[in-house]
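Whatever order the structure lists them in is the order used to number ligands and atoms, beginning at 1.
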Amino acid sequence: MSKYAIPFILFLAFTSTVLGKVAIVTSTSDLKSIAEMIGGDLVTVESLNKGASNPHSVETLPSYMLKVGKANLYCKIGLDLDSWAAPIIDGSRNGKLVVVDCSRNVPVLEKPTQKVDASMGDVHPLGNPHYWLDPNNGLVIADNILEGLISVDPANAETYRKNRDAFAAKLNQKIAEWKSVAAKLQGTEIVTYHDSWPYFANAFGIKVDGFVEPRPGIEPTPSHTAEIIELVKKRQIKMICMEPYFSDRAPKTIARETGAKVVVLPPSVGGALEASDYFSLFDTILKILAGN
Ligand SMILES: [Zn+2]
C-alpha cells in the first residue's frame, strides 16, 4: 500500500460525511418533507412519487435506479403500499444503501383478520398503509428517519436529534391548532373514493361511511355505485371526498343523484398547491373540509 493510501482513505471518509450531503430518496412526498425537516442542511432528498399521483402505482423508470444507486438512505412507506420500490432498490445494486421502513412502530389500522386474496386486486393486504395522514404518526416516521440518518451519518447525530425535537415541538403545537379547527367537523360523515382516510378520520373525529371503490384498488362498478347512492341518501352525507388522481366520473354520478358535493382532498404533500410540506398538508385538508 502506498504511504498516501491511508491519508487518502481518511480524506475520502472526511469528504463524504463532512463536506458531502447525505443523499436520501423517499417513496413519497410526505416522507420527503419529514426527511428534509430532520436532515436540514445536511441532506438532499428526492421523492419518487410526486404527491399528485397514486402512491400505490408508480412507474419504475431506469433513472430511478441511478438515483437510488447514488443514495445513502431510502425511506419507504411499507405495508405493501410501495412494493413498486423493491425492483428499483434491487436494480440500483447499491450494497451500502440503508433502507428505512417508516411504518415500523405505527399502530396499523384495518389489519386483515384473514388472508387477503391479492388476486382480487386488493391493494391493502397488510392493513391500511395511509398512516401518514394521522399527524401523530408523523413523529413515528420522524423517529424512523432519525435512526436511519444516524446510522449513515453518526458524526451529525446531535444535529439530527435537535432537528427531530424541533419537528416534534412544532408538530404538537400544530396538532392542537388542527384539533380546534376540526372541532366543528366532529361526527361529520363522508364517503371517500379510496380507503385513504381512516387514520385522518380517527385523528380528527370524522366518520367515513363508505367508499366509491368496491375494494381498495378496484374500479367503481355500477352496482356498487348504486349502493353508495343509497347510503349517501340514507345517512344524508354531504361530501364525496376524492383523491386528485382518480376519475371523478363515479363521484359525480353519486353527487348528481344525491345532492352531495364532490370534494377533492390532497392525501399527500404536493397533492394541492398549498400543501407544500407536511404541516401545510393538514392545514389544507382541514381548510377544505371546514369550508364545505
Ligand atoms: Zn390505499
Side-chain angles (χ1 to χ4, degrees), residues 26-34 47-60 75-86 88 101-104 106-138 140-141 190-204 206-221 224-225 228 239-251 262-272 275 278 281-282 284-285 289:
T26 65
S27 284
T28 68
S29 50
D30 311 287
L31 299 185
K32 174 179 187 266
S33 178
I34 296 173
S47 172
L48 297 184
N49 184 52
K50 314 302 172 203
S53 51
N54 191 340
H56 279 291
S57 51
V58 170
E59 198 189 346
T60 28
C75 301
K76 64 175 191 174
I77 290 282
L79 297 174
D80 223 35
L81 178 120
D82 45 0
S83 46
W84 47 263
I88 300 174
D101 183 342
C102 293
S103 73
R104 200 175 55 110
V106 165
V108 177
L109 300 177
E110 301 172 0
K111 267 194 178 166
T113 47
Q114 57 200 52
K115 203 175 176 308
V116 173
D117 185 358
S119 68
M120 293 179 70
D122 196 314
V123 292
H124 294 170
L126 304 176
N128 194 293
H130 299 270
Y131 58 84
W132 66 91
L133 283 164
D134 178 340
N136 294 295
N137 289 335
V140 181
I141 295 169
I190 59 174
V191 160
T192 67
Y193 193 106
H194 180 75
D195 187 8
S196 309
W197 304 94
Y199 295 91
F200 181 87
N202 264 12
F204 294 109
I206 291 160
K207 198 161 168 281
V208 182
D209 286 341
F211 310 101
V212 177
E213 287 180 331
R215 293 171 71 79
I218 307 293
E219 297 242 332
T221 59
H224 182 71
T225 299
I228 294 297
M239 282 186 267
I240 314 295
C241 299
M242 61 174 287
E243 298 76 0
Y245 38 79
F246 290 117
S247 157
D248 63 0
R249 214 173 127 219
V262 177
V263 175
V264 180
L265 295 179
S268 277
V269 171
Y278 190 67
L281 171 66
F282 291 96
T284 307
I285 299 168
L289 286 173

Give every protein N, O or S atom lying under 2.8 Å from the Zn ion (ligand 1), naming each by residue and atom.
His56 NE2, His124 NE2, His130 NE2, His194 NE2

So which heavy atom on Ile240 is nearest to which on Pro251, and how close?
CG2-CB, 4.0 Å

Kindly assign one of parallel, tilted or perpendicular to the pair His130 and Trp132, based on the angle between their ring planes and the thresholds 30° and 60°.
tilted

Contact summary for Asp82 and Ile77, nearest pair of heavy atoms:
OD2-N, 2.6 Å

Can you sort out the partners of Tyr278 under ring-ring contact (aromatic ring centres under 6.0 Å, His included), two or more places apart, ordered by chain and number?
Phe282

Nearest heavy-atom neighbours spanning Val108 and Leu126:
CG1-O, 4.0 Å

Hey, can you tell me if Tyr193 and Phe246 have their rings parallel, tilted or perpendicular (30° and 60° cut-offs)?
parallel

